[in-house]
Amino acid sequence: MCLGIPGKIVRLWDDQGTRMADVDFGGAVKDVCLAYLPEAGLGHYTIVHAGFGLTLLDEESAVETLAMFRELGMLEDELGIPSASGAVPA
């Protein structure tokens, strides 16, 4: 599966001229490249696909989508985080 997942930008940094961020996906934090989103800032929500922030979205849409993905068990598969039962996806 290969989803675009919304997450919140919680840290920004420059990696050899490339704008990077830590993005929180409701508990799992991953490194994300923001080369396509020069306007993104701390606290903004972005859709992330394959390690790249692709677009910004509002907080309500992001939280709603994350809740739906979590309910369907899709976050655990995409992010490799333990499910509510504690099982880690293969």
Side-chain angles (χ1 to χ4, degrees):
M1 200 176 325
C2 199
L3 299 173
I5 301 175
K8 183 177 184 178
I9 297 169
V10 294
R11 186 173 78 97
L12 295 167
W13 78 91
D14 181 276
D15 184 3
Q16 300 180 7
T18 301
R19 199 154 181 255
M20 300 293 294
D22 283 341
V23 175
D24 185 342
F25 299 94
V29 177
K30 303 284 185 178
D31 292 354
V32 172
C33 179
L34 294 180
Y36 302 128
L37 294 174
E39 72 277 22
L42 286 176
H44 287 160
Y45 284 83
T46 179
I47 298 285
V48 177
H49 177 71
F52 289 87
L54 299 179
T55 190
L56 296 176
L57 74 160
D58 64 88
E59 181 176 0
E60 182 180 345
S61 297
V63 170
E64 184 177 310
T65 302
L66 280 170
M68 181 183 68
F69 283 176
R70 184 174 291 111
E71 184 177 307
L72 296 172
M74 299 169 93
L75 276 183
E76 292 80 6
D77 289 342
E78 284 294 318
L79 300 174
I81 59 175
S83 68
S85 68
V88 177

Completion exercise
Separation between CE (Met74) and OG1 (Thr65), nearest 0.5 Å, reads 11.0 Å
Fill in the blank from the handout: Sorted by chain and number, sequence neighbours left out, side chain to side chain donor-acceptor pair (under 3.5 Å) with Asp24 holds for none
Practice task
Please say whether more than 12 non-hydrogen atoms of neighbouring residues, nucleotides or ligands are located less than 6.0 Å from CD in Glu60.
Solution key: no
Practice task
Determine whether Val63 and Ile47 fall in the same hydrophobic cluster, where Ile, Leu, Val, Met, Phe, Trp and Tyr are linked whenever their side-chain heavy atoms lie under 4.5 Å apart.
Solution key: yes
Practice task
Return the set of residues passing side-chain contact (heavy atoms from CB on, under 4.5 Å) with Asp14 (not counting sequence neighbours), or none when no residue passes.
Solution key: none
Exercise for the section: For residues Leu54 and Leu37, determine if any side-chain heavy atom of one lies less than 4.5 Å from a side-chain heavy atom of the other. Expected result: no
Problem - Distance-minimising heavy-atom pair for Glu39 and His44 - result: O-CE1, 3.7 Å
Practice task
Search all heavy atoms of Val32 against all heavy atoms of Phe52 and return the closest pair with its distance.
Solution key: CG1-C, 3.9 Å
Practice task
Indicate, with yes or no, if Leu42 and Tyr36 share a hydrophobic cluster defined by side-chain heavy-atom contacts under 4.5 Å among Ile, Leu, Val, Met, Phe, Trp and Tyr.
Solution key: no
Completion exercise
Closest heavy-atom pair, Ala62 versus Tyr45, reported as atoms and distance to 0.1 Å, is CB-CD2, 3.3 Å
Problem - Where Leu66 and Phe25 come nearest, the two heavy atoms and their spacing - result: CD2-O, 4.1 Å
Problem - Donor + acceptor pair across side chains of Asp58, Ser61 (<3.5 Å) - result: yes
Practice task
Starting at NZ of Lys30, measure out to CG of Asp22 and round the result to the nearest 0.5 Å.
Solution key: 11.0 Å
Practice task
Verify, without hydrogens or angle tests, whether Thr46 (side chain) and Leu56 (backbone) share a donor-acceptor contact under 3.5 angstrom.
Solution key: no
Problem - Non-hydrogen side-chain atoms of Leu12 and Leu34 separated by less than 4.5 Å - result: yes
Practice task
Determine whether Ile5 and Val29 fall in the same hydrophobic cluster, where Ile, Leu, Val, Met, Phe, Trp and Tyr are linked whenever their side-chain heavy atoms lie under 4.5 Å apart.
Solution key: no
Fill in the blank from the handout: What one should report as the nearest heavy-atom pair of Phe69 and Pro6 is CE1-CD, 4.1 Å
